[in-house]
Amino acid sequence: MIGPFKTRRRPFAYPGEEIRLTGDTPSPRPTREPDASTKGLETGRLRLLVTACLFGLAFSVITGRLVQLMVLSSTGTSTVATPSEAPPLEARMARADIVDRNGLVLATNLPTVNLVADTRAVPERDLMRAIRVLPTLFPDLTSEELADRLVPGRAFVYLRRNLTPIEQQAVNDLGIPGLHFERAERRVYPAGRLVAHVVGATDIDNQGIAGIEDAFDDRLSSSEKPLRLSIDLRLQHAAHQVLSDAIDHFEAIGGAALVMDVHTAEVLAMVSLPDYEPEKIGEASEDARFNRATLGVYELGSVFKVFNTALALDAGLPLTDTFDAAKPIRIARFTITDFHPERRALSIPEILMHSSNIGSARMAMVVGPERQQAFLKRMGLLDPIPFELPEVGRPLVPQVWRDINAMTISFGHGLSVTPLHLITGVSALINGGTLHPPTLLKTDPATMPPGQKVFSEQNSMRLRAMMRLVVEGGSGRNADVEGYYVGGKTGSAEKQLKGGGYAKDSVLTSFIAGFPISDPQYVVLVILDDPKAVKGTYGFRTAGWNATPAAGRLIAEVAPLLGVTPTHHSPEGHFDATVIRQVGLKVEDGEDKHLAAR
Amino acid sequence: MTFRVVTAPAPPPPPPPVPRPVQAPAQTSFTRLDTSLLGRWWWTVDWVLLGAIGLLIALGLLLILAAGPPAAGRIGAGTYHFVQRQIVFVPVAVVVMLAISVLPVLWVRRFAVMAFAFFMLALVATPFLGANVNGAVRWIPLGPFALQPSEFIKPTFAVVAAWMFAADRTQAQFPGTLISIGLMALVGALLVAQPDFGMTMVIASVWGTQFFLAGLSLFWVALLAATGIGGAVLAYHALPHVQSRVDRFLDPASGDQYQIRQSMRAFVEGGWFGRGPGEGRVKQYLPDAHTDFIFAVAGEEFGLFLCLLIVALFGFIIVRAAVRLRRETSLFVLLAAGGLLTQIGLQAFINMASSLSLIPTKGMTLPFISYGGSSLLSTALSMGMILALTRRRAPGDPL
């Protein structure tokens with residue numbers, strides 16, 4: 001080997017001299033190839049020629065294929081006389097419809113035609129007329145633009161995509177030769193923005209780019225069988241209406257609403273606002289295309305106390321255990337306070353009803369951070385949720401799970417999850433303790449996989465009783481709907497600022513509710529992003545005044561559609577007598593045991 | 001082959017003792033007596049090879065004019081977005097290629113080693129500086145352009161590997177082969193991490209070919225080939241997107257073959273002479289008409305003859321260079337040029353065979369023809385080095 005710094009200058013060999021040097025006479029320059037490598041060199045040269053021949057062979061195959069395709073299977077250019085006679089280039093299967101659980105169409109294909117011109121066939125006089133008249137039929141075309149495109153001698157010029165039959169007739173009536181129609185299809189969304197974040201949208205080539213259209217792109221383009229979703233369009237409409245009314249009324253910047261079947265985890269309605277028209281997704285802002293229900297992760301605040309209470313029950317703490325909530329907790333540089341301080345020791349049901357941060361933190365510390373982490377992991381709150389949509393957010397989980405994390409997580413800060421996580425977890429807690437992965441596809445309860453047991457039947461019943469207490473005597477009063485026996489929990493989280501810390505005047509409010517809570521069938525979740533204090537809320541912007549009444553209205557609208565029979569509910573017969581007494585629920589005879597329990 | 005021998009100038013006739021011009025006659029710029037770098041280049045470079053490359057580049061510009069505008073319209077850029085950018089890239093690529101072809105062999109090696117080291121650092125830095133496109137981080141943004149370090153690892157690694165294999169043969173007790181295996185593992189690991197399986201496959205195939213050229217015994221060749229096939233089978237079972245592509249290739253009914261059907265149709269429509277410039281339709285329907293499927297655009301608009309010309313040019317370049325190397329006395333030159341030729345040939349083959357549905361679809365650019373700055377510059381780098389390595393050298397000249 002020649003070292004990098006050795007001299008490399010050699011006298012220049014004139015052409016001819018070279019030939020002389022390699023002749024029969026021994027070379028004056030000794031060759032530096034040792035004998036061993038000369039043999040290697042021979043092999044190398046031979047093998048290089050073999051490699052080149054292999055490439056020659058490969059390229060011959062390509063040549064053969066080209067001839068086969070372009071000469072032997074080509075029937076000649078005469079068959080492609082005009083685009084309308086030629087079979088459409090995209091002679092592919094129509095993309096399958098997407099329908100709701102009752103078969104109503106959410107996305108389908110509309111056959112349309114594209115207007116194309118073969119300017120070789122247009123007489124010059126007609127060309128000028130086309131340039132003049134077409135803009136009167138299609139105001140989005142201008143004469144200048146047409147003059148640019150309608151250059152004589154072009155066999156194929158696109159003039160306009162997706163003509164309606166009336167427009168097609170109008171063009172036909174012009175009687176201009178050389179204007180042709182190309183068959184095409186267009187994806188249309190009859191439900192429009194109602195299902196935007198569920199169904200998603202396709203691009204100009206009918207390929208899915210968001211939502212179900214993206215997630216099931218292969219399925220939709222390979223089969224014509226409609227894809228049936230779990231969504232119920234009637235519920236979707238109610239959720240959309242309630243949520244947009246609430247956003248308008250409370251001047252929020254956005255929100256999300258979900259309705260889920262607690263036994264199958266089917267999502268019956270899913271709305272994220274602001275939203276967009278699926279057919280015009282290209283014009284939608286990034287904010288409008290952002291799915292707050294499944295992609296956004298939030299510190300959800302006090303609604304998380306449902307999980308914290310469940311954790312305490314799961315750890316075997318009796319309902320009557322009390323925790324000192326007399327004074328704020330000071331830990332590290334934080335101070336944990338209560339929004340409505342009771343300044344006394346509170347039992348587990350009281351902590352949930354008064355939404356005591358101090359009591360929740362003390363409860364979490366009694367159970368311990370490790371057990372808390374394991375429980376939340378079991379509930380699926382620490383991992384991305386398995387879901388059909390491509391827009392799925394990853395929870396923000398603390399790197400190290402210290403005491404302070406355990407305390408803040410107990411009341412819903414320091415752990416960010418998607419609203420879908422919340423509703424799926426709460427469904428599992430109140431349905432008797434079985435966690436099912438959420439789904440957007442219609443599910444047959446008979447064939448669905450069994451789900452994962454995460455919580456005991458007994459504890460599920462106790463938790464439901466406490467969620468009823470929140471609606472009877474706590475911040476959830478505004479969600480109570482006569483006859484449907486609602487149970488739930490409010491949450492008002494101070495929003496995190498981008499640079500860290502929390503905004504004092506900007507909140508994310510939410511209400512999660514199951515109904516009828518005595519034997520839950522459905523769970524609803526309403527989240528409002530940055531609602532303001534408006535007339536009628538007495539200066540408050542907390543969940544009890546905005547998300548809660550909205551959830552109540554949503555329940556009142558969807559419960560009849562879902563076939564839930566309104567009855568005069570009484571806790572007796574649904575909850576154990578001891579639980580009713582310990583929790584302090586109202587019973588039918590009007591005797592106010594709730595107050596009597598004090 | 002034209003071997004222009006200039007006979008030594010006869011002594012001038014004494015009568016008119018005019019001073020003889022030092023310059024050569026007007027049509028050639030260099031005399032054979034000129035021993036400057038450029039002068040030697042002029043007389044030793046393979047002009048036929050250079051001509052073939054020039055023709056390919058010209059065809060590339062013609063085809064980007066056809067395929068660029070619809071692709072630009074699809075992403076909402078100006079009509080000539082891709083054309084304009086390619087017109088900027090092409091002269092840069094030509095200059096890079098010619099400049100590298102001037103280098104003496106020793107300097108080709110030094111250049112490749114330094115560039116390899118530089119781009120390896122860039123490859124390591126890519127996950128931190130790069131932009132995530134479709135789930136893979138391969139590009140480092142540089143102002144209006146983006147740099148793909150792996151494109152430049154490809155040719156420079158071929159030269160480094162050639163050096164190591166050659167040194168193993170010519171230097172006693174130098175563990176060149178082991179170093180080469182280690183480098184291959186490192187490059188492969190970095191690329192798979194991105195993930196970029198296509199690039200890994202090309203680099204590994206080139207490296208395997210060089211190992212073969214370096215005189216690997218046929219037993220090990222068989223074993224290496226088996227490993228390659230095993231890797232492909234593993235990829236098929238472990239990676240869902242690979243599996244879906246292969247399944248769709250083997251059984252077109254099983255899934256969407258949209259791109260490939262459009263491409264095949266384009267060739268059929270093209271026939272002998274094509275539909276004519278600008279009259280192609282497939283480019284309206286294929287998202288990758290300006291890169292992976294430019295061969296289909298060529299077929300539809302310009303017909304069989306242009307396609308055959310492109311195939312013939314690639315075949316010619318490989319065979320011509322291989323023939324020129326048949327008397328090569330330096331193992332390094334043989335291996336380096338052989339590796340670079342394999343790389344160009346493999347890329348051209350995969351691209352053309354994909355769009356003809358001879359093999360499962362694999363996104364790969366057609367050298368010198370497809371749109372793309374990194375790809376064009378990397379091809380220019382490879383061809384520049386091939387030109388430098390195939391220049392005539394005096395026998396016995398070690399490097």
Side-chain angles (χ1 to χ4, degrees), chain A residues 1-2 4 8 10 12-18 21-22 27 29-34 36-37 39-41 43-45 47-49 51-53 55-56 58-63 65-67 69-71 73-77 80 83 89-92 154-156 158 204-205 217-218 221-222, chain B residues 5 32 35 74 104 106 110 167 169-171 174 209 212-215 255-256 258 262 264-265 267-272 275-276 278-279 281-282 285 287 299 303-304 307-308 311 314-315 318-319 322 325-326 328-329 331 334-335 338 341-342 345 349 352-353 356 358 394-399:
Chain A
M1 187 180 55
I2 302 298
R8 71 210 84 91
R10 298 185 312 91
F12 180 72
Y14 291 107
E17 198 179 343
E18 281 173 12
L21 293 177
T22 49
S27 168
R29 295 186 197 124
T31 165
R32 299 196 198 174
E33 300 292 347
S37 76
K39 190 161 170 288
L41 205 54
T43 317
R45 287 175 190 156
R47 288 186 174 186
L48 182 62
L49 286 183
T51 309
C53 288
F55 270 116
F59 286 142
S60 309
V61 172
I62 288 185
T63 305
R65 176 69 160 184
L66 280 169
V67 171
L69 275 180
M70 300 178 79
V71 179
S73 60
S74 183
T75 45
T77 46
V80 285
L89 199 55
E90 69 279 46
R92 51 199 302 224
R154 306 267 319 262
F156 191 85
Y158 269 115
I204 189 172
D205 299 311
D217 198 32
D218 282 350
S221 51
S222 62
Chain B
V5 177
R32 292 206 169 247
T35 61
R74 189 177 292 277
L106 187 60
R110 289 179 180 165
R169 292 254 156 198
T170 51
Q171 288 278 103
F174 182 77
T209 308
F212 165 70
L213 293 181
D256 189 25
Y258 176 68
Q262 300 299 331
M264 303 285 279
R265 199 182 165 89
F267 283 107
V268 173
E269 295 285 344
W272 286 95
R275 282 166 172 267
E279 305 296 349
R281 302 268 303 279
V282 68
Y285 296 102
L304 178 66
C307 288
L308 289 185
V311 177
F314 279 114
I318 289 167
V319 173
L325 288 167
R326 76 191 185 285
E328 183 52 58
T329 52
L331 188 60
L334 193 78
L335 294 181
L341 284 172
T342 305
F349 174 77
M352 295 191 287
L356 287 164
L358 284 170
D397 185 348
L399 279 181

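Chain letters run A, B, ... following the sequence lines, proteins first, then strands; residues in each count from 1. Atoms considered below: every heavy atom in the structure, side chains included; atoms not considered: hydrogens, waters and symmetry mates.
Of all heavy-atom pairs between B:Thr329 and A:Leu41, the closest is O-CD2, 3.0 Å. Nearest approach of A:Phe59 to B:Met352, heavy atoms of both residues: CE2-CE, 3.6 Å. The heavy-atom pair separating B:Leu325 from A:Leu48 by the smallest distance is CD1-CD2, 3.6 Å.
Evaluation of the side-chain hydrogen bond (donor to acceptor under 3.5 Å, both in side chains) rule for A:Arg45 yields A:Glu42 as partners, not counting sequence neighbours. Remark: B:Val319 engages B:Val323 in a side-chain contact (heavy atoms from CB on, under 4.5 Å) (not counting sequence neighbours).
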When you look at A:Thr51 and B:Phe212, which way does the side-chain contact (heavy atoms from CB on, under 4.5 Å) test go after all the steps?
CA-CA 10 Å; A:Thr51 309; B:Phe212 165 70; 3.8 Å; yes

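Here the straight-line distance linking atom CZ of A:Phe55 with atom CG of B:Leu341 works out to 8.5 Å at 0.5 Å rounding.
Heavy atoms of B:Ala322 lying under 4.5 Å from chain A belong to its backbone as well as its side chain. Within the 4.5 angstrom heavy-atom criterion, only side-chain atoms of A:Leu49, from C-beta onward, approach chain B.
For the options B:Gly345, B:Ala353, B:Gly315, heavy-atom pairs under 4.5 Å to chain A are most numerous at B:Gly345.
Side chain of A:Arg65 to backbone of B:Leu356: a donor-acceptor contact under 3.5 angstrom is found.
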